[in-house]
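A quick write-up on the structure given underneath.
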Amino acid sequence: MTQEKNVQSQDTGTDPQCIQCGRCLEVCPLFSATQKEELSPRGRMLLLERFAETPELFSEKKAASLAASCLTCGRCHKACPRNVDVPHAVARVRAEHAGIARRLWKVWIESSALSWPLFSRMAKLAAPVCGKGDSRIPSSAKKLAALAEPRKLAGFLRPESAPACQYDRKAVVFPGCLAQAVTRRWTSSAEKLLEFLGFETAVRPRWDCCGASLGHAGAEAAQKNARAHNVELWREAGEPLLVTFCASCHAGLAAYATCSSLFRDRAEAERFAESLLPLSSLCQGMSVEQSGDMPSSLVYHHPCHAPDGDPDALLLHDLLGQSFRQPDAAECCGMGGILQLTAPELSATVGKRCWEGLLQESPSCVLTGCSGCYSQLAGTAPEGVTVAHWLDMFDL
């Protein structure tokens, strides 16, 4: 349904109109955390309509303010009965009014292979020194330092038996920026799981960013180049199954099908869409044995960009049984990509609300299936709470 929505808004070139129904207010993390109407999706669309009518009022300062404060989580788009895509509208504003934040974010994403390991290690060394204050620098340093931390969760589940493999194609893992640059253990674990499940894994290509974070930041040309590069690598690999373990990367790759210019024809676009599978969906039906000490309280954080039905949550429920818990209200972690640069105080406000919900479950370990959520939660976790990707559960 989400892909059909995107096709309508991007391929036809027409934008549906906001009817101010307010359904987005029920799901917007920024509005929930601040109760400020101007930060709601409805408020943004109202401002954009006014600016379209009187463009002379749309100063750079106002444009920057409007573009700065959006998580681009996509919750409003899913809830909207009129298919209004506020994150896409905000991304266009960011593209048309490029500021230093967008340029920095573009460099940060495109240089991830070199800069992320370096800066995370530097932040790890600096965090004990600068982490006592309450300024933006210590907060950023703490999040970067978390990326350099060694694995904190010891694997406690060992695969025992695999379901019958229903595919006769090679599979290749799409790790995403974080796992390709820093948390490489996730990619290795994913490939081992695929081999256990009976898949022949293709040679690991040198993927670019899925492009979603670049697009949300308004870096349209960079997003287009990253997408084209990844599609070409998929072709060269023989059109294998494209397996993800990051919810945001999965959503970013799923959006490729809405861009006809990426593919040679519609049939190729459909084959790409069909090849895209979450690793957790392939693991359904797998049995495991406990091989180590399980954390006393495992709680799951649901990513905003998780596919419909959230296959990660389904897998964890099957594997962990009564040990698996999830808060009734799935709150956004507050990551928001470029929001880390444009409005870090809003990111912190949303993140605090998320932790309030998670802590009601008294977790010793919080599991998630999104690289962005992991970095946000790991960098803001209270003392005594471990944050891990669900792949870290496995003893492989």
Side-chain angles (χ1 to χ4, degrees), residues 1-3 5-6 9 18 22-45 66-80 83-94 105 109 143 176 178 210-218 223 246-255 300-310 312-313 326-327 329-358 368-377 379-380:
M1 181 65 179
T2 301
Q3 288 186 12
K5 282 186 173 186
N6 288 337
S9 61
C18 174
R23 292 190 186 180
C24 57
L25 302 183
E26 301 171 6
V27 297
C28 175
L30 278 176
F31 179 75
S32 297
T34 65
Q35 293 299 300
K36 293 182 179 180
E37 176 74 26
E38 66 270 23
L39 296 180
S40 72
R42 182 173 70 177
R44 292 180 207 285
M45 294 311 297
L66 179 63
S69 54
C70 180
L71 288 158
T72 60
C73 64
R75 292 185 176 206
C76 55
H77 188 203
K78 293 179 181 178
C80 182
N83 188 29
V84 176
D85 191 346
V86 178
H88 182 63
V90 170
R92 284 188 298 188
V93 175
R94 289 171 174 170
W105 189 255
I109 296 297
K143 292 171 186 176
L178 184 62
C210 69
S213 187
L214 292 166
H216 293 162
Q223 179 189 36
C246 171
S248 291
C249 288
H250 186 91
L253 293 170
Y300 175 69
H301 167 73
H302 170 83
C304 293
H305 292 110
D308 291 342
D310 196 350
D312 291 357
Q326 183 176 357
E331 300 288 351
C332 175
C333 70
M335 176 59 181
I338 197 175
L339 193 75
Q340 301 291 310
L341 298 177
T342 58
E345 70 285 353
L346 291 177
S347 171
T349 299
V350 175
K352 180 181 178 182
R353 184 181 176 89
C354 177
W355 272 113
E356 288 172 353
L358 291 170
T368 190
C370 170
S371 298
C373 294
Y374 166 82
S375 62
Q376 175 78 351
L377 294 171
T380 57

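Keep in mind that what you see is a predicted model, and the values were worked out from it rather than measured.
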>> Applying side chain to side chain donor-acceptor pair (under 3.5 Å) to Gln223 and Ser213, what does each step give before you reach the verdict?
In response: CA-CA 8 Å; Gln223 179 189 36; Ser213 187; over 6 Å; no
[X] and [Y]: which non-hydrogen atoms are nearest, and at how many Å?
| X | Y | value |
| --- | --- | --- |
| Trp355 | Leu377 | CZ2-O, 3.5 Å |
| Met45 | Cys18 | CB-CB, 4.0 Å |
| Pro87 | Cys76 | CD-SG, 3.8 Å |
| Gly252 | Ala212 | CA-CB, 3.9 Å |
| Ala91 | Gly215 | CB-O, 3.3 Å |
| Arg94 | Gly218 | CB-CA, 3.9 Å |

Side chains of [Y] and [X]: any donor to acceptor distance under 3.5 Å?
| X | Y | answer |
| --- | --- | --- |
| Asp312 | His302 | no |
| Ser32 | Glu26 | no |
| Trp105 | Thr342 | no |

Quick one: [atom1] on [X] to [atom2] on [Y], what's the gap to the nearest 0.5 Å?
| X | Y | atom1 | atom2 | result |
| --- | --- | --- | --- | --- |
| Cys370 | Leu178 | SG | CG | 9.5 Å |
| Leu346 | Gln340 | CG | CD | 11.0 Å |
| Leu39 | Cys70 | CG | SG | 9.5 Å |
| Met335 | Ser248 | CE | OG | 9.0 Å |
| Arg353 | Thr34 | CZ | OG1 | 9.5 Å |
| Lys36 | Phe31 | NZ | CZ | 12.0 Å |

Given side chains that start at C-beta, do those of [X] and [Y] come closer than 4.5 Å, heavy atoms only?
| X | Y | answer |
| --- | --- | --- |
| Cys333 | Pro29 | no |
| Val84 | His77 | no |
| Cys354 | His301 | yes |
| Leu358 | Pro327 | yes |
| Cys332 | Arg75 | yes |
| Ser40 | Leu30 | no |
| Val27 | Lys78 | no |

> Run the side chain to side chain contact (heavy atoms under 4.5 Å, CB included) check on Ile338 and His216 step by step: do they pass?
Replying inline: CA-CA 8 Å; Ile338 197 175; His216 293 162; 6.0 Å; no
> For Arg42 and Glu37, what are the C-alpha separation, side-chain angles and deciding distance, and is it a side chain to side chain contact (heavy atoms under 4.5 Å, CB included)?
Replying inline: CA-CA 8 Å; Arg42 182 173 70 177; Glu37 176 74 26; 3.0 Å; yes
